[in-house]
Amino acid sequence: MDHLIRKFRLLLLAWLHRSRSGSISFVRRFSYKDIKRATDSFHRIIYRNSHGVAYKARFQDGEVALVKEIEAFNLEKDAFYREVQLLARLHHRHLLALQGFSLGHKRFWDIFIFSSICLKHAIQKLLIFDNIENGSLKEHLNDPLRTPLDWKTRLQIAIGVTAALEYLLLFSNLSMYHVSISSSSIMLDENFTAKLSDLSLLRSDGNYTTMPDASCSEECTSPEHSNIIFQLGVLILELITGQSSEQGGADLIQWIQESCLSSSIHRMIDPDLGNSYDSRELKKLLAVARLCIKTKDNPTFSIPQISRYLQKKVDVPYQRHLDYHV
């Protein structure tokens, strides 16, 4: 028994030494103790998915940030550092900016149970993102105690999220693998500016995979691109109706696909909007959502086209499809 304890101690000391090595240039390293305190020992969960858990952190100076734990399987520290450096290069008004990272050690008993084979997985890898003073979009749409979002803000959120996606696909020069769009992962800053927070360059095995080449902006039809367009459509529906899109938004999708859509629009608009919205803008936005969802398996347009359409900079080639008449 003493021999096993000594062996475990040597393995643990070796792991602790490795976990303290390495550095990342030009990116702030936060104290794990401060992060743990700011997240109430990682109990303030904002959302969770296959790529990690996001927490709300409130620091002693009053700043509110998003802390994301990376749960990629078999992720080495070098891969994590590369993830940090690449994400730190992303700069866009509607992307949640990376402020830094933190590494911490999980509880001793977790390490003991995992055995020496899994010691390297006991390192808690955390990303710290920008200010999220107004929380998530989901909170504002579903919490009756929150002040309802007005129509202009909702429209700007849709335009902003689409602009962020266009940046990721066209201008970042990075190969994005995972982009998830939902009201839970759309954060709002102090000015209610939408910030896309859930993106990663890593697969679940810690390797990198490329997204569709940005040069195919007019004809991107890969599964990844199609799925992003579909998620955008569901998000727009949630902005219009104020209803939850959990479990893929099955009810919302069924409604948008119905042939009697025009006669039911007035019943589906979020009551919190009252009559304070532009009916023409709403119908245009609804048309975009319908096309995003209807053409999931065979998209005939791209995210840049949607972005240009929403911002009304130029007419897109498929505007005749987007002009859904009610």
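The structure displayed is predicted, hence computed values, not measured ones. Just so you know, these numbers use all the heavy atoms, side chains as well, and skip hydrogens, waters and symmetry mates.
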Worksheet item: For Arg82, does its backbone N or O pair with a side-chain atom of Gln85 as donor and acceptor, under 3.5 Å?
Response: no

Worksheet item: Taking the side chain as C-beta and beyond, is there a heavy-atom pair between Leu127 and Phe80 under 4.5 Å?
Response: yes

Fill in: Main-chain N/O of Phe30 paired to Ser102 side chain as donor or acceptor, under 3.5 Å
yes

Fill in: Side chains of Leu96 and Asn131 in contact at under 4.5 Å (non-hydrogen atoms)
no

Fill in: Residues Asp198 and Lys68 bridged, charged N to O under 4.0 Å
yes

Worksheet item: With no hydrogens and no angle check, is any side-chain donor or acceptor of His140 less than 3.5 Å from a backbone partner on Asn134?
Response: yes

Worksheet item: Okay, side chain of Asp189, backbone of Thr193: is any donor-acceptor separation there less than 3.5 Å?
Response: yes

Worksheet item: Do His94 side-chain atoms and Val161 backbone N/O form a donor-acceptor pair below 3.5 Å?
Response: no

Item to complete: Measure from the side-chain N and O atoms of Gln243 to the backbone N and O of Glu238, and report whether any donor-acceptor pair falls under 3.5 Å.
Response: no

Worksheet item: Is there side-chain contact between Leu103 and Lys125, with heavy atoms separated by less than 4.5 Å?
Response: yes

Practice prompt. With rounding to the nearest 0.5 Å, note down the distance linking CG in Leu285 to CZ in Arg280.
Written response: 12.5 Å

Practice prompt. Verify, without hydrogens or angle tests, whether Lys195 (side chain) and Arg93 (backbone) share a donor-acceptor contact under 3.5 angstrom.
Written response: yes

Practice prompt. Assert yes or no for the condition that the ring centre distance of His91 to Tyr167 is strictly below 6.0 Å.
Written response: no

Worksheet item: Going through the checks in order, is the side chain to side chain donor-acceptor pair (under 3.5 Å) test met by Glu83 and Ser200?
Response: CA-CA 8 Å; Glu83 172 89 344; Ser200 172; 2.8 Å; yes

Worksheet item: With sequence neighbours left out, which residue pairs that include part of residues 139-150 fulfil the salt bridge (charged side-chain N to carboxylate O under 4.0 Å, His left out) condition?
Response: Glu139-Arg146

Worksheet item: Mind checking whether Leu286 and Leu237 have side chains closer than 4.5 Å, heavy atoms only?
Response: yes

Worksheet entry | salt bridge (charged side-chain N to carboxylate O under 4.0 Å, His left out) involving Arg37 - partner list, sequence neighbours excluded | Asp34

Worksheet item: Taking Arg44 for the side chain and Ala38 for the main chain, is one N or O donor matched with an acceptor at less than 3.5 Å?
Response: yes

Worksheet item: Taking the side chain from Thr162 and the backbone from Ala158, do they hold a donor-acceptor pair closer than 3.5 Å?
Response: yes

Worksheet item: Is there side-chain contact between Ile35 and Phe59, with heavy atoms separated by less than 4.5 Å?
Response: yes

Worksheet item: Given the rule in the side-chain contact (heavy atoms from CB on, under 4.5 Å) test, do Ile128 and Leu98 qualify, once you have shown the distances and angles that lead to the verdict?
Response: CA-CA 6 Å; Ile128 294 85; Leu98 182 70; 5.7 Å; no

Item to complete: Please test Ser197 against Tyr47 for side chain to side chain donor-acceptor pair (under 3.5 Å), starting from the C-alpha separation and ending with a verdict.
Response: CA-CA 11 Å; Ser197 73; Tyr47 64 85; 3.1 Å; yes

Practice prompt. Using the test side-chain hydrogen bond (donor to acceptor under 3.5 Å, both in side chains), find all partners of Asp270 that sit at least two apart in sequence or belong to another chain.
Written response: Arg154

Worksheet item: Do His43 and Tyr55 pass the ring-ring contact (aromatic ring centres under 6.0 Å, His included) test, and can you show the C-alpha distance, the side-chain angles, and the key distance before you say yes or no?
Response: CA-CA 7 Å; His43 286 112; Tyr55 305 93; 8.9 Å; no

